[in-house]
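What follows is a single structure, written as structure tokens, with notes after it.
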2 protein chains.
Amino acid sequence: MVETGRTGGGRASTMKDVAEAAGVGVGTVSRVLSGKGQVSTATRERVLAAVRAMDFRPSALGRGLKLQRTNNIGLIVADIANNFYGEFAEGVLSAAKALGKHVIVCASGEDPATEREYAEVLLQQRVDGVIAFPTGHNTDVWQGARRLGVNMVFVDRIVESFDVPTLMVDNIGGSRAATEYLLALGHRRIGYLGGPQALTSGQQREEGFRAAHHDAGAQVHESLVVRTRFTRDTAYASALRLIHGRPAPTALFATNNVLGEAALAAVRDSGMTVPDDISLVMFDDVPWAGLVTPPVTVVAQPARRMGVEAARLVSAPDQPAPGRPRVLPYEFVIRRSCRPWHEPDPLPGEG
Amino acid sequence: MVETGRTGGGRASTMKDVAEAAGVGVGTVSRVLSGKGQVSTATRERVLAAVRAMDFRPSALGRGLKLQRTNNIGLIVADIANNFYGEFAEGVLSAAKALGKHVIVCASGEDPATEREYAEVLLQQRVDGVIAFPTGHNTDVWQGARRLGVNMVFVDRIVESFDVPTLMVDNIGGSRAATEYLLALGHRRIGYLGGPQALTSGQQREEGFRAAHHDAGAQVHESLVVRTRFTRDTAYASALRLIHGRPAPTALFATNNVLGEAALAAVRDSGMTVPDDISLVMFDDVPWAGLVTPPVTVVAQPARRMGVEAARLVSAPDQPAPGRPRVLPYEFVIRRSCRPWHEPDPLPGEG
DNA sequence: GTGAAAGCGCTAACAA
DNA sequence: TTGTTAGCGCTTTCAC
């Protein structure tokens, strides 16, 4: 039989309804459902039968109001369509499920105003905790949240003068590994395509880049250090500018997957080839990294695992708040997007 | 100053607190905050001042309980890390933001038990609506949900004998376009790598595939029709089997991005080249489709727009429930993964 | 082992 | 214009 039309808000049944149907008090229904307190087997059966018959589902609203706890957590990412955040979110959802929590997901687009708006919303929703990739701008709201007893976990970014449990990948190490690899191959003009310097992850990746140069006694060409926003258009424009910069870079280090995508497109559109004309390394091991020709050497972040960790951290507030961020290891995955580089002789035949 | 340590659950202030601070009744505070009813400017100022001073945020729990409406909607996708669902979710989030709604995201992994579990959770949360890519199995729960007045929107799959507003891309048309394209290039042994036939989208894509063959007077090689689950491993194995099937396929049609990824990997691992040895078309215009060599010809779904539409539909229950699904247009994007195919002469030198 | 009742924070109806 | 109050659905204490 085909059910047709909309039935309009049929009222959901309540504990009171169930109690009446089972001929008991609401307290008893609650005890049965929560498993707390003693209930005789006979009454339990009657209650359970009524619950099934009425298709009763206890209201999380009433429960939350009484308990002052919702089992909901908020998640604020920059862009859920970006594979890195997608994997991260997958990890959060999966861990949350295991912990009996539910996740309200928000996308800030890296915009402080949007972040603030969502923070307000999540606080009104009385979430037990929030996991955020903070823009770094709305410290007052976040401070307030913490004061209210909302468990917080920040990911990827350290917010100054504000000691919140923070999770990040070893950005400096990953960046250093990538850069050392290029330097070892002989590259001395490495283009750096980075994100906004406001973000901790951006700062750290640049720090690793510089440290590797320093240790190798190599010089960073400041004209080849470009910072850009994570939108496709601006990233592409910046990549183009970098590729055609002076001195001409022999290798490119893109510090996330959006920038890597832009770099690859820009290289190709410039009629150049990876790795023959220019080598390429990037952060983030997205699916396409191994699929393009040549497959791209990457610094892989354990995105899913970071999500799992974040969900656990936000649900276990008893742990001592670590003074310093919890750092997860990167993995350097060498594929085929880099070639050794030897500076050509100044004038062929001479020397 | 660095704030240190956790403050523990500082109680959130309530309307009562604000009312006392402002020297008014709670009703007045409510009126000021909601903007409904008349309040003198002087009182309004006093109230607003108190609100700011106490950093008051009204509880969505109390409000929801009273109003029997939460402004929350549930979203159940299969896999949030899959770019298609990521784009879709992005659309939902963005439309929801504009509508003042908040989104609880769940990932079913196409598993009916998980879907059921999440459905229960969302109903307990008293969401106003839910957007789901249904597995097709838990009709009783969904029926119940509808009866309770929860607005529902299904995406991509039609659940039989259950008339819920449904949204999908023109699967038949898209599949037909892709197949016709391959047939027009001369291919007559086209491998079909499809998803589980339980899903409407799968059925329709296969239908389009067959219809195109029929119209062209071409024959579908049943040995080249393979259906597989969407996990990477099984998809890869199925792709391999398909590639080495008999008769040997000259082209491959993968019906989503996971299958397309598997197909591409399998082709390469078999030492073959796209499009010289085998042509490839797939559903879903993911970022890597244009990035690999050669770039892959695809049937693009308007994933983000579908998400926006779904969010609007679920928030506008007044609209007459359409008896048939709302179908959105695909876009066929021709890139360079297909070559014309001419059956080689039976014996060179003859004829 | 069970029922009655208070109260979580809010809105809306009613009274003043 | 403003204050008071009932009640949304639940948990928990207290009395029986």
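Throughout, protein chains are lettered first and strands after them, A, B, ... in sequence-line order, and every chain is numbered starting at 1.
- Atom CZ in A/Arg63 sits about 17 Å away from atom P in C/dG9, given to the nearest Å.
- None of B/Pro325, B/Pro134, B/Ser201 except one satisfies the side-chain contact (heavy atoms from CB on, under 4.5 Å) rule with B/Asp156; the exception is B/Ser201.
- Side chain of B/Leu67, nearest nucleotide from C/dC8, C/dT2, C/dT11: C/dT11.
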Between B/Arg11 and B/Asp17, does the salt bridge (Lys or Arg N to Asp or Glu O under 4.0 Å) criterion hold? Intermediate values first, please.
CA-CA 11 Å; B/Arg11 195 177 119 284; B/Asp17 301 329; 2.9 Å; yes

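- Across residues 49-61 of chain A, A/Phe56, A/Pro58, A/Ser59 each have a non-hydrogen atom less than 4.0 Å from an atom of DNA chain D (numbered order).
- In this structure, the CG atom of A/Leu33 is 13 Å from the P atom of D/dT12, given to the nearest Å.
- Side chain of B/Thr166 to main chain of B/Val164: a donor-acceptor pair is present (N/O by atom type, distance under 3.5 Å, no hydrogens or angles).
- Ranking C/dG1, C/dA6, C/dC10 by closeness to the A/Ser40 side chain, first place goes to C/dG1.
- Between A/Asp128 and A/Val150 the shortest side-chain heavy-atom distance does not fall below 4.5 Å.
- Interface remark: the A/Arg31 side chain does form a donor-acceptor pair with the C/dG3 base, using a distance-only criterion of under 3.5 Å.
- Note on B/Val26: a base of the nucleic acid sits closer than 4.0 angstrom, heavy atoms only.
- Out of D/dC8, D/dG9, C/dT2, the shortest distance to the side chain of B/Lys66 is found at D/dC8.
- Within 4.0 Å of A/Gln38, counting heavy atoms only, lies at least one base atom of the nucleic acid.
- Between A/Thr43 and C/dT2 there is a side-chain polar atom (N or O) within less than 4.0 angstrom of OP1 or OP2.
- Across all strands, A/Gly25 comes closer than 4.0 Å only to sugar-phosphate atoms, never to a base (heavy-atom distances).
- With rounding to whole Å, A/Met15 atom CE is found 16 Å from C/dA4 atom C1'.
- A straight line from CD of B/Glu20 to C1' of D/dG3 spans 13 Å, rounded to a whole angstrom.
- The distance from the CD1 atom of B/Ile104 to the CG atom of A/Asn72 is 5.5 Å, given to the nearest 0.5 Å.
- Closest contact between the side chain of B/Thr28 and the listed nucleotides C/dA12, D/dT2, D/dG9 involves D/dT2.
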